[in-house]
Amino acid sequence: MPLAPALGRRVATRLGEVWFDTIAEADLDAIADYFHRPDPHLDTLIDRTRLPDRNALRARYASWKYEGDPAQMSSVFALRLANGLESRLIGFTNLLRKTPVENYSHWHIIAPGDRAGGISSTIYPTRLDLYFDLFPVERLVHQTRVTNTGVNRMLDKFVPIAKTEFIERPDGLARPGEFHMRHVTRADLPRIREIAASMK
């Protein structure tokens with residue numbers, strides 16, 4: 001049976017159902033606030049000297065709203081959680097495309113209380129499907145700081161490290177440092193779905 005489209009596909013977690021959605025105006029405010037609020041965890045990941053002011057950052061993400069065009073080079077999607085009748089934004093993911101084989105994905109769980117709930121692992125195959133469904137990409141690159149133990153532990157379940165290297169100017173807003181590089185191709189998707197299914 002074909003999979004439901006990744007955009008809007010609901011996935012059950014122990015905290016409720018999660019899914020990717022297009023960005024709304026209120027989401028843009030939440031994302032801008034997330035980057036500009038005090039957050040020791042975020043301070044270990046991003047270079048605040050490269051961070052635009054709140055309005056410029058909000059405008060950047062607004063320009064990345066998915067418009068249904070597969071040629072769009074930068075995109076952002078909301079991650080929502082529903083528990084009962086209420087739903088809320090808990091995170092977001094963005095894809096920055098350069099070539100068919102060089103495409104960088106980033107994701108953030110913006111609510112600290114949701115970061116250890118297993119959501120990233122559960123939604124990971126759907127997140128990959130989202131990128132490959134909507135855009136003509138052939139390979140994704142995961143560039144993760146070696147000290148980001150939570151994310152690396154999650155990725156270790158699905159994708160091996162291709163190499164580890166010092167990067168002076170990483171993709172996105174990250175600070176220079178040592179990064180693990182991992183690659184995901186279209187051919188990897190069935191294997192990754194099988195791993196996720198075995199974890200349920």
Side-chain angles (χ1 to χ4, degrees), residues 1-39 41-42 45 54 57-58 60-70 72 74-96 104-135 137 140 142 144 148 150-159 172 184 189-190 192-200:
M1 177 181 297
L3 289 172
L7 187 60
R9 182 195 304 161
R10 295 199 174 208
V11 178
T13 75
R14 65 182 181 83
L15 299 178
E17 288 188 326
V18 294
W19 69 97
F20 290 109
D21 193 6
T22 53
I23 287 289
E25 285 296 311
D27 301 330
L28 295 170
D29 290 324
I31 291 171
D33 290 343
Y34 162 72
F35 279 108
H36 279 276
R37 75 190 184 205
D39 186 334
H41 171 72
L42 195 59
L45 304 179
R54 186 187 181 283
L57 187 66
R58 188 188 188 285
R60 174 188 293 183
Y61 279 96
S63 72
W64 293 353
K65 181 178 180 181
Y66 177 61
E67 301 291 350
D69 182 0
Q72 187 171 329
S74 299
S75 56
V76 61
F77 300 90
L79 178 62
R80 305 199 193 282
L81 168 71
N83 194 333
L85 298 177
E86 296 186 356
S87 66
R88 60 186 173 90
L89 177 77
I90 61 165
F92 63 96
T93 185
N94 61 282
L95 178 67
L96 305 177
Y104 295 90
S105 70
H106 301 272
W107 70 101
H108 297 267
I109 302 295
I110 63 176
D114 296 322
R115 285 179 184 157
I119 289 174
S120 290
S121 294
T122 305
I123 199 69
Y124 179 68
T126 298
R127 183 161 65 86
L128 295 180
D129 287 340
L130 182 76
Y131 308 142
F132 284 102
D133 281 359
L134 299 182
F135 304 104
V137 299
L140 293 171
H142 292 323
T144 57
N148 193 351
V151 167
N152 284 306
R153 190 179 303 121
M154 184 277 287
L155 287 174
D156 285 342
K157 302 172 187 175
F158 299 101
V159 187
V184 181
L189 298 181
I192 288 171
R193 293 189 199 111
E194 287 181 4
I195 292 170
S198 71
M199 293 163 49
K200 292 181 180 178

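All values derive from a computational prediction rather than experimental measurement.
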Chemist: Is the shortest heavy-atom distance from the side chain of Leu95 to the side chain of Leu134 under 4.5 Å?
Modeler: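 No, their side chains stay 4.5 Å or more apart.
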Chemist: Can you tell me how far apart NE2 (His106) and NE2 (His142) are? Round to the nearest 0.5 Å.
Modeler: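 The NE2 atom of His106 sits 10.5 Å away from the NE2 atom of His142.
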Chemist: Suppose we screen for side chain to side chain contact (heavy atoms under 4.5 Å, CB included). Which residues come up paired with Thr144, at least two apart in sequence or across chains?
Modeler: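 Partners of Thr144 by the side chain to side chain contact (heavy atoms under 4.5 Å, CB included) criterion, ordered by chain and then number, come out as Val151, Asn152, Leu155, His180, Arg182.
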Chemist: For Arg60, enumerate each residue passing the salt bridge (charged side-chain N to carboxylate O under 4.0 Å, His left out) test, keeping only those at least two apart in sequence or located in another chain.
Modeler: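 With neighbours one apart ignored, the set is empty.
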Chemist: Does Leu42 reach the side chain of Tyr34, with side-chain heavy atoms less than 4.5 Å apart?
Modeler: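 The answer is yes; the side chains approach within 4.5 Å.
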Chemist: The criterion is ring pair (Phe, Tyr, Trp, His ring centres under 6.0 Å); which residues satisfy it with Phe158, sequence neighbours excluded?
Modeler: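 If we apply the ring pair (Phe, Tyr, Trp, His ring centres under 6.0 Å) test to Phe158, skipping adjacent residues, the hits are Tyr124.
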Chemist: Which residue pairs pass the salt bridge (charged side-chain N to carboxylate O under 4.0 Å, His left out) test when at least one of the two sits in residues 61-70, sequence neighbours left out?
Modeler: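 Salt bridge (charged side-chain N to carboxylate O under 4.0 Å, His left out) check on residues 61-70 returns no pairs.
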Chemist: Can you tell me how far CG of Leu189 sits from CD of Glu194, rounded to the nearest 0.5 angstrom?
Modeler: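 Between Glu194 CD and Leu189 CG, I get 11.5 Å after rounding to 0.5 Å.
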Chemist: Quick one: salt bridge (charged side-chain N to carboxylate O under 4.0 Å, His left out) partners of Arg58, sequence neighbours excluded?
Modeler: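 Result, salt bridge (charged side-chain N to carboxylate O under 4.0 Å, His left out) vs Arg58: Glu25, Asp29.
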Chemist: Please list, chain by chain and in numerical order, all residues satisfying ring pair (Phe, Tyr, Trp, His ring centres under 6.0 Å) with Phe77, sequence neighbours excluded.
Modeler: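 For Phe77, the residues satisfying ring pair (Phe, Tyr, Trp, His ring centres under 6.0 Å) (neighbours in sequence not counted) are Tyr66.
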Chemist: Check step by step if side-chain contact (heavy atoms from CB on, under 4.5 Å) holds for Leu79 and Ile109.
Modeler: CA-CA 8 Å; Leu79 178 62; Ile109 302 295; 3.8 Å; yes
Chemist: My understanding is that only residues two or more places apart in sequence, or in another chain, count here; which of them pass ring pair (Phe, Tyr, Trp, His ring centres under 6.0 Å) with Trp19?
Modeler: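 Trp19: no ring pair (Phe, Tyr, Trp, His ring centres under 6.0 Å) contacts found.
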Chemist: Measure the shortest side-chain to side-chain distance between Ile23 and Tyr61 over non-hydrogen atoms and say whether it is less than 4.5 angstrom.
Modeler: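 No, their side chains stay 4.5 Å or more apart.
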Chemist: Less than 3.5 Å apart, which donor and acceptor atoms pair up between the side chains of residues 82-92 and the rest of the protein, not counting sequence neighbours?
Modeler:
{"from": "Asn83", "atom 1": "ND2", "to": "Leu15", "atom 2": "O", "distance (Å)": "3.1"}
{"from": "Arg88", "atom 1": "NH1", "to": "Asp114", "atom 2": "OD2", "distance (Å)": "3.0"}
{"from": "Arg88", "atom 1": "NH2", "to": "Asp114", "atom 2": "OD1", "distance (Å)": "3.3"}
{"from": "Arg88", "atom 1": "NH2", "to": "Asp114", "atom 2": "OD2", "distance (Å)": "3.4"}

Chemist: Return the set of residues passing side chain to side chain donor-acceptor pair (under 3.5 Å) with Glu17 (not counting sequence neighbours), or none when no residue passes.
Modeler: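 Scan of Glu17 (side chain to side chain donor-acceptor pair (under 3.5 Å), adjacent residues dropped) gives Arg10.
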Chemist: Would you say that Thr22 contacts Leu7 through its side chain, given a criterion of any heavy-atom pair below 4.5 Å between the two side chains?
Modeler: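 The answer is yes, as the side chains (C-beta and beyond) meet within the 4.5 Å cut-off.
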Chemist: Could you go step by step and tell me if Val159 and Ile192 meet the side-chain contact (heavy atoms from CB on, under 4.5 Å) rule?
Modeler: CA-CA 8 Å; Val159 187; Ile192 288 171; 4.2 Å; yes
Chemist: Please report the shortest heavy-atom distance between Ile110 and Ala30, naming the atom on each side.
Modeler: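 In terms of heavy atoms, the two residues are closest at CD1-CB, 4.4 Å.
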Chemist: Tell me the closest heavy-atom pair linking Asp27 and Ala78, and the distance in Å.
Modeler: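 Scanning both residues completely, I find the closest heavy atoms to be OD2-CB, 3.8 Å.
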Chemist: Specify the closest pair of heavy atoms between Thr93 and Leu130, including all atoms of both residues, with the distance to one decimal.
Modeler: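 Minimum heavy-atom contact is CG2-CD2, 4.2 Å.
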Chemist: How far does NE2 of His36 sit from CD1 of Ile31, to the nearest 0.5 angstrom?
Modeler: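 Here the rounded value is 12.0 Å.
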Chemist: Side chain to side chain donor-acceptor pair (under 3.5 Å) with Ser121: which residues, sequence neighbours excluded?
Modeler: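 Testing Ser121 for side chain to side chain donor-acceptor pair (under 3.5 Å), a comparison that skips the adjacent residues, returns Lys157.
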Chemist: For Asp39, enumerate each residue passing the salt bridge (charged side-chain N to carboxylate O under 4.0 Å, His left out) test, keeping only those at least two apart in sequence or located in another chain.
Modeler: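 Result, salt bridge (charged side-chain N to carboxylate O under 4.0 Å, His left out) vs Asp39: Arg37, Arg115.
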Chemist: Apply salt bridge (charged side-chain N to carboxylate O under 4.0 Å, His left out) to Asp129 and list each qualifying residue two or more places apart in sequence or on a separate chain.
Modeler: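 Testing Asp129 for salt bridge (charged side-chain N to carboxylate O under 4.0 Å, His left out), a comparison that skips the adjacent residues, returns Arg9, Arg193.
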